[in-house]
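First up is the structure itself, then whatever we jot down about it.
One-based numbering, in listed order, for ligands and for the atoms of each.
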Amino acid sequence: MKSNSVTYSSLGAARCIALATCLAGALAYSNGSVDPISLTISSEGGNKSSPLLYGIMFEEMDHSGDGGIHGQLLQNNGFQGTSLSLTSYAPVGNVIISQDSSKPVSKAITSSLNVEVPDGVTEYVGFANTGYNGIPVTSATYNSSFWMMGNYSGTINLQLVGTMSGKIYADHNLTVKSTESKFTEFKTTFNTTYSPDGYNEWHLTFDGSKVGGSSLNFGYIQLFPPTFKGRENGLRDDLASFLDEANPAFLRFPGGNNLEGLEVDTRWKWNTTIGPVVDRPGRESDWFYPNTDALGLDEYLWWCEDMNMAPLLALWAGKSYGDILSGPDLEPFIEDIMNEMEYLFGDDSTHYGNLRAQNGRKKPWKVDLIEIGNEDDLTGGCESYPDRFNQIYKAIRDKYPDISFIASNGDYKCLPSPLPENVIIDLHLYRKPDDFVKLFNQFDNQPRNQSVMIGEFGCRNTTSPDGDYWPFMQGSCSEAVYMIGMERNSDVVKMAAYAPLLQHFDFASWSPTLYGFNNTPNSITPSTSYFVTKMFASNKGDTILSVESSAEFGPVYWVASKTDSQYYLKLANYGTEEQTVKVSIPGTKTGKLEVLAAPQYQGDTPFNAQVQTVTTSIFNSQGNYSIVMDPWAVAVLAVS
Ligand code: AHR
């Protein structure tokens, strides 16, 4: 039944009014809206809510890591993989450049760049690297390094240069002495000035008159802007800080499909992702480009510590897209897993614990959550998973009884029977908006002794493998409805993560993602789903509260929680009509309302974050709030 309701508001979009405050503000009339919904939040506790509920899932895809959140900016810097050849390299001046596998930089980096200088050259010559479709240059201090072989004593010049403009944003000399007998590494630091676009390249040149008629070799070149928390081989500060602001509670890594490998031999191998980067061979990945593995096991764990996230490490469990190994064939890999465990947890008197200490981490890592495999209900993994799971579970559990385990799927046909106590099951859901909303109740009858993780979820409005390019408001609202369903049951739904996390807009093979970027300044673009994740992760109590309501769920959905005297109410209006929600939270007065609202098909688009959370402060409310929710709006009320 429709009625003309009156609300007090001076705000647009979804509007919240702490009644006492708004009586002092402008009076607004909401015409033609449906009956208000009343919600009375109980102050008494209900279910405990998992502190890890909202986290992130990361895997190397769409250049989320290499050329993405990992700070190193030069592409193809170690000629890893087989497909890139001279991608990103160009000669500077009168030289011939080629990939040279007769001069490997290390056992892992099996080739280098040969720069041949013709006789008679008198100027500075060398080579350029154009990065991952350009190089972002801010006004900052950058670090660079390279390996070099060949007889040369003198100056090396490094520059950051505008590709089209020729403008120089950094110009730095260093003196080197390089010999024919071996590769030597040189490292340097220099200041840069801001470039207004991303079309920049890194140049390394040397005095060609000293080399004419012969050649020099260069390898494993690196360039870093400032990194998150100043960490060496760290994360790109801007992309990492943006993620940190979303307050994720855990990080699931390193995949995803990219853990599995197209073949057994190209699976993600922990032991080739540790130690000096020049000793990491990289690998052919599952997502169409070679991975450098410069973002390796230790870097993931530093990332967790630096963002205060619980690490959730996924282990390769015998399934690749080629072969699947089980039984005795899996045994050697179980030994490898146990070595990985020793690397994480052993003290420095153990072989692998000592290796970890040499790699810069003396104290054992704290990893309490381990997932066995990825999506083993799919791609032929179902039948053998129960045995593979048990083999790995038993080996680790016998030695490390405090670890919590996650099974990679939720299909009981593909799980051990019985599933060992306390093992969490992992569900992955990519759905159309209405389908997410239909799943609102999915966990209401979940057996309370079987915990769940939604290791990956994301709204895709299409069955097309390319997805829709970017989230839109209805889709993000449907995710919010689903998340409200999870949070109501967060005694058993322990963790959830939107996926995939991040894409470089110029290299996308999967859309949408939570946020994206390219090398243009200010290109980092959150999606509407990023805002939902951030709002939800940043506003959650430790206890879910019961709510007395005047209406059933749908189109408005809600969940309330509190920690001590701090209350949170999450709302989503999955419908075409404006809704007024009158909320009573006795004993509360001040706080804020965050609202994300936009027309149904509108969202943020790359480089244009037009839809953003709007936050309003609330004072002296006397515990009563009137919130006007636009169609498809998502809101969080946080008051105490
Ligand atoms: O998130 C993209 C992919 O979707 C993941 O790699 C995989 O686990 C899932 O199928």
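- The atoms of ligand 1 that sit less than 4.0 Å from any heavy atom of Asn374 are 8 (O).
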task: List the steps, then state whether side-chain contact (heavy atoms from CB on, under 4.5 Å) holds for Gln474 with Asp434.
output: CA-CA 9 Å; Gln474 182 191 0; Asp434 286 354; 3.8 Å; yes
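- By the criterion of a heavy-atom distance under 4.0 Å, neither the backbone nor the side chain of Tyr498 is placed next to ligand 1.
- Aromatic rings from Tyr400 and Phe345 are positioned such that their centres are separated by under 6.0 Å.
- Within ligand 1, counting atoms from 1 as listed, the ones closer than 4.0 Å to a heavy atom of Glu59 are 1 (O), 2 (C), 3 (C), 5 (C), 6 (O).
- Residue-to-ligand polar distances keep Trp510 apart from ligand 1: every N/O pair is separated by 3.5 Å or more.
- Partner Trp270 forms a ring-ring contact (aromatic ring centres under 6.0 Å, His included) with one of Trp365, Tyr352, Phe333 and no other, that one being Tyr352.
- For the pair Arg448 and Asp491, the salt-bridge criterion is met [side-chain N within less than 4.0 Å of a carboxylate O].
- The shortest contact between atom 7 (C) of ligand 1 and any protein heavy atom is with Glu456 OE1, 3.3 Å.
- Checked options Phe607, Tyr515, Phe517; the residue passing with Phe505 is Phe607 (criterion: ring-ring contact (aromatic ring centres under 6.0 Å, His included)).
- Checking Arg283 against Asn258 by side-chain atom types alone, a donor-acceptor pair falls below 3.5 Å.
- Under a 4.0 angstrom heavy-atom cut-off, Pro500 registers as being in contact with ligand 1.
- Set against the non-hydrogen atoms of Glu375, the atoms of ligand 1 under 4.0 Å away are 7 (C), 8 (O), 9 (C), 10 (O).
- Of the protein's non-hydrogen atoms, the one nearest atom 1 (O) of ligand 1 is Tyr430 OH, 2.8 Å.
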